[in-house]
Amino acid sequence: MNDEITREKEEAKAPISFIEQFIADDLKDGKNKGRIMTRFPPEPNGYLHIGHAKAICLDFGMAKKYGGKCNLRFDDTNPVKEDVEYIDSIKEDIHWLGFDWENREYYASDYFGRLYDFAVDLIKRGLAYVDDQSAELISSQKGSPSQAGTESPFRKRAIEENLDLFERMNKGEFEEGDHVLRAKIDMTSPNMHMRDPIIYRIIKTAHHRTGNQWNVYPMYDFAHGQSDYFEEITHSLCTLEFEVHRPLYDWFIDQLKSDEYRPRQIEFNRLNLTYTIMSKRKLLELVQEGKVSGWDDPRMPTLCGLRRRGYTPESIRRFVELIGYTKVEAINDVSLLEHAVREDLNARAYRVFGVLNPLKVIITNYPENQVEDVEVVNNPEDESAGKRFVPFSREIFIEQDDFMENPPNKFFRLAPGMEVRLKGAYIIKCESFKKDTSTGEITEVNCSYDPATRSGSEGSGRKVKGTLHWVSAAQAVDAEVRLYDRLFDHEDPAGQKDDDYRKFLNPDSLKVLTGCKIEPSLANAKPLEKFQFQRIGYFCVDPDSTPSKPVFNRTVPLKDPWSKVNK
RNA sequence: UGUCCUGUAGUGUAAUUGGCAACACGUCUGACUCUGGAUCAGAAGAGUUCAGGUUCGAGCCCUGACAGGACAACCA
């Protein structure tokens, strides 16, 4: 309850973006009859990544906040690049993120008929014409950003002829590239997109939804704004690179003679993350070249990858809220994302015992065959998470790093003669240890315990400097732990425009640790369940995990202050 | 040499023109703790790209530079 109040206060305090200001103003001005409608328009040509999350949160978020609705619309105007495979994953990921389009699942291909009719209408009004020239020729006539274009010789083609040709284009009488339909606007416009843009081209590849019904397909610019119009979208939110398309967007809307309402395109900055490749093409290359195990490899910035890594939808939404929406091309720091994950997981993940690099400890004065269950809390910050019992016995494992033969000054863990508390159990004292003389590796530590110091008992008040996590050797379960790190590191490849990004691949981005020891209760943990291995980091049960072979993915490590002291 | 967009601590974002620019992350200090490397307390760090102008007063308005980005796919 208190949390809710705090949260509401925070939200009220949160600054609103310029986009939200536009929307609020439009509403206040009574535009579109006080209605608000948005849409999330992915092209089904790849998996959604965290960059899309930013758009999804805005599209659905603004609609919800202002009492409107948000449609899901697949922008499927290019059958060559699109596939049904992607549609299902996109829908799954949006739902996972926590948003719902209800029954409003639309496709640009639903509007092919209306768009075709609109194109015919433009031809009849002398605002569109069929061009027979090659792509190269059309391109060269477009001029350059600093130089006006020249008009096509087909620009003055008779309306009847245009009508006839366009119809025959769609009937399949011509091959791809033979003709295109162009809007007749202005070849001398300073805006390249207004220089008679191509609005229809011949494509003979079957479409994933309409099959071979069409031989001509609308271009993005001819489909998007009109689709917005058909769906009565009021605010069409997109990324900055479409800024220069806006005059064309408006031009088409003008031709639709809209008095009732008019959709409005507003652009915001796309998400860039440090050390993170976001380009669909490059991600696809990583998958195809086998650099990662697939689109859902936990190192991928895809939503399914992040999910498998153990990121929660809440943490991603929180991150998006933190970075905001502006018109500045920003590069956001991944550490902010990781902060959001820690913040969320810290509140919900059970603290459990797991030892990644086991070192055997024998408690010499503890009875040989005795096993006792010690009680530990599941989450110190959430009483409702309850407690559980963990078996304790004479032989246990602790982390290799938690013992040092010659400890430096501020080392508060186990060392010869030193005392530490075993979390939830007893205080132990290191009496001796065994060392492999050839490798210098510590192989075993012998300790004594103080029976009066069991946690929760009367004698437990005694203080020692350090506390270690541990697992009982006999009851511990062998697990595999996958330590994922940033796929790119050392230098930030985020700004790389060429294909050099491969040279930033981090060879240590995946370390598989076998022989890790976990407490027995974890053997039956469910896939995607999140835990915090005490003092190590946040982990998530991999979907491939089975009770006989538990597998954990590291979501994000806890920073080890000891490593800083060591420097 | 065109059009459009953008310039606020290391990073990302705030500041109805009117209190020596606020918040988050990150960094650094300390405290505490059966350990959550959480939590608590504190610190450093920008005078808002630059130059003019309007004004009693300017990140905020005007002008001009400078810098960065987008635009010349029959992609979206």
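Proteins come first, then strands; the chains are lettered A, B, ... in the order of their sequence lines, and each starts at number 1.
In terms of position on RNA chain B, the residue among A:F533 and A:F18 whose nearest nucleotide sits closer to the 5' end is A:F18. Along RNA chain B, the nucleotide closest to A:S335 and the one closest to A:G466 are compared, and the more 5′ of them pairs with A:S335.
Regarding A:E338, its CD atom lies at a distance of 20 Å from the P atom of B:A24, rounded to whole Å. Remark: P of B:A38 and CG of A:N379 are 14 Å apart, rounded to the nearest angstrom. To the nearest angstrom, P of B:G12 lies 11 Å from CG of A:L336. Distance NZ (A:K387) to P (B:C34): 15 Å, rounded to an integer number of Å. One interatomic measurement links the two molecules: CG of A:N346 to P of B:C25, which rounds to 13 Å at whole-angstrom precision. Rounded to an integer number of Å, the gap from CG of A:D221 to C1' of B:A72 is 14 Å. Rounded to an integer number of Å, the gap from A:F22 CZ to B:C5 P is 11 Å. Residue A:Q265 contributes atom CD, which lies 13 Å from atom C1' of B:C71 at whole-angstrom precision.
For the pair A:T326 and B:U13, the criterion of a side-chain N or O lying under 4.0 Å from OP1 or OP2 is met. Of the side-chain N and O atoms in A:K423, one or more sit less than 4.0 angstrom from OP1 or OP2 of B:U35.
Using a 4.0 Å heavy-atom cutoff across all strands shown, A:R535 reaches at least one base atom of the nucleic acid. Looking at heavy-atom distances under 4.0 Å, A:G149 makes no contact with the nucleic acid at all. No engagement by A:N191 is indicated, since no non-hydrogen atom pair under 4.0 Å with the nucleic acid exists. Looking at heavy-atom distances under 4.0 Å, A:I323 makes contact with sugar-phosphate atoms alone, never a base. Residue A:K280 is classed as having no contact, given no heavy-atom separation below 4.0 Å to the nucleic acid. Base contact: A:F242 has a heavy atom under 4.0 Å from a base atom.
In this structure, the side chain of A:R195 engages the main chain of A:S144 through a donor-acceptor pair within 3.5 Å.
Of the listed nucleotides (B:A72, B:A24, B:U13), B:A72 has the atom at the smallest distance from the side chain of A:S144. The A:K463 side chain lies nearest to B:C34 when the options are B:A24, B:C71, B:C34. Comparing B:G26, B:C4, B:G12 by their closest approach to the side chain of A:E243 singles out B:C4. Checked against B:G2, B:C71, B:C34, the side chain of A:V244 finds its nearest nucleotide in B:C71. Which of B:C25, B:A76, B:C34 sits closest to the side chain of A:S455 comes down to B:C34. For A:S146, whose side chain is taken as the heavy atoms from C-beta onward, the closest listed nucleotide among B:U35, B:U1, B:U13 is B:U1.
In this structure, A:R270 places its CZ atom where only 12 or fewer heavy-atom neighbours from other residues, nucleotides or ligands lie under 6.0 Å away.
Taking the O4'-C1'-N9-C4 or O4'-C1'-N1-C2 dihedral as appropriate, B:G59 has a value within 90° of 0 and is therefore syn. Classification of B:G47 as syn follows from a glycosidic angle within 90° of 0.
Note on A:R317 versus A:E321: no salt bridge recorded, every NZ/NE/NH1/NH2 to OD/OE distance being 4.0 Å or above.
Atom P of B:A15 sits at a distance of 14 Å from the matching atom of B:C23, rounded to the whole Å. Comparing B:U39 with B:A46, their P atoms sit 27 Å apart, to the nearest whole Å. Spacing of P atoms, B:C61 relative to B:U16, comes out at 11 Å, to the nearest Å. The separation of B:U8 from B:G12, taken at their P atoms, amounts to 8 Å, rounded to a whole angstrom. Taking atom C1' on both B:G2 and B:C56, the two are 42 Å apart, rounded to the nearest angstrom. Nucleotides B:G68 and B:C32 have their C1' atoms positioned 47 Å apart, rounded to a whole Å. Spacing of C1' atoms, B:G45 relative to B:G26, comes out at 12 Å, to the nearest Å. Atom name P, nucleotides B:U63 and B:C25: the rounded distance is 39 Å, in whole Å.
A salt bridge (charged side-chain N to carboxylate O under 4.0 Å, His left out) with A:R155 is found for one member of A:D196, A:D132, A:D131, A:D186 and no other, namely A:D196. Test A:Y350, A:F533, A:F552 against A:F539 for ring pair (Phe, Tyr, Trp, His ring centres under 6.0 Å) and you get one pass: A:F533.
A:H245 is not listed as a side-chain neighbour of A:C238, based on a closest heavy-atom distance of 4.5 Å or more.
Under the rule for a side chain to side chain donor-acceptor pair (under 3.5 Å), A:Q226 has no partner lying at least two apart in sequence or in another chain. A:S279 meets the side chain to side chain donor-acceptor pair (under 3.5 Å) test with no other residue; sequence neighbours excluded.
Checking B:A22 for Watson-Crick or G-U wobble geometry (two distances, each under 3.5 Å) identifies B:U13 as its partner. Partner assigned to B:G2 is B:C71, using Watson-Crick or G-U wobble distances below 3.5 angstrom. Nucleotide B:C66 forms a pair with B:G7, judged by Watson-Crick or G-U wobble geometry with both contacts under 3.5 Å.
Using a 30° and 60° split on the angle between ring planes, A:Y116 and A:W214 fall in the tilted class, from 30° to 60°. Aromatic ring orientation, A:H52 versus A:H49: tilted (interplanar angle from 30° to 60°).
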Between N or O atoms, less than 3.5 Å apart, protein on one side and nucleotides 73-75 of chain B on the other: list the pairs.
unit_1, atom_1, unit_2, atom_2, d
B:A73, OP2, A:S139, OG, 3.1
B:C74, N4, A:Q133, O, 3.2
B:C74, N4, A:A135, N, 3.4
B:C74, N4, A:G177, O, 3.1
B:C75, OP2, A:R201, NE, 3.1
B:C75, OP2, A:R201, NH2, 2.8
B:C75, O3', A:R201, NH2, 3.1
B:C75, O2', A:N78, ND2, 3.3
B:C75, O2', A:K81, NZ, 3.1

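Between the side chain of A:H245 and the base of B:A70, no donor-acceptor pair of N or O atoms lies under 3.5 Å.
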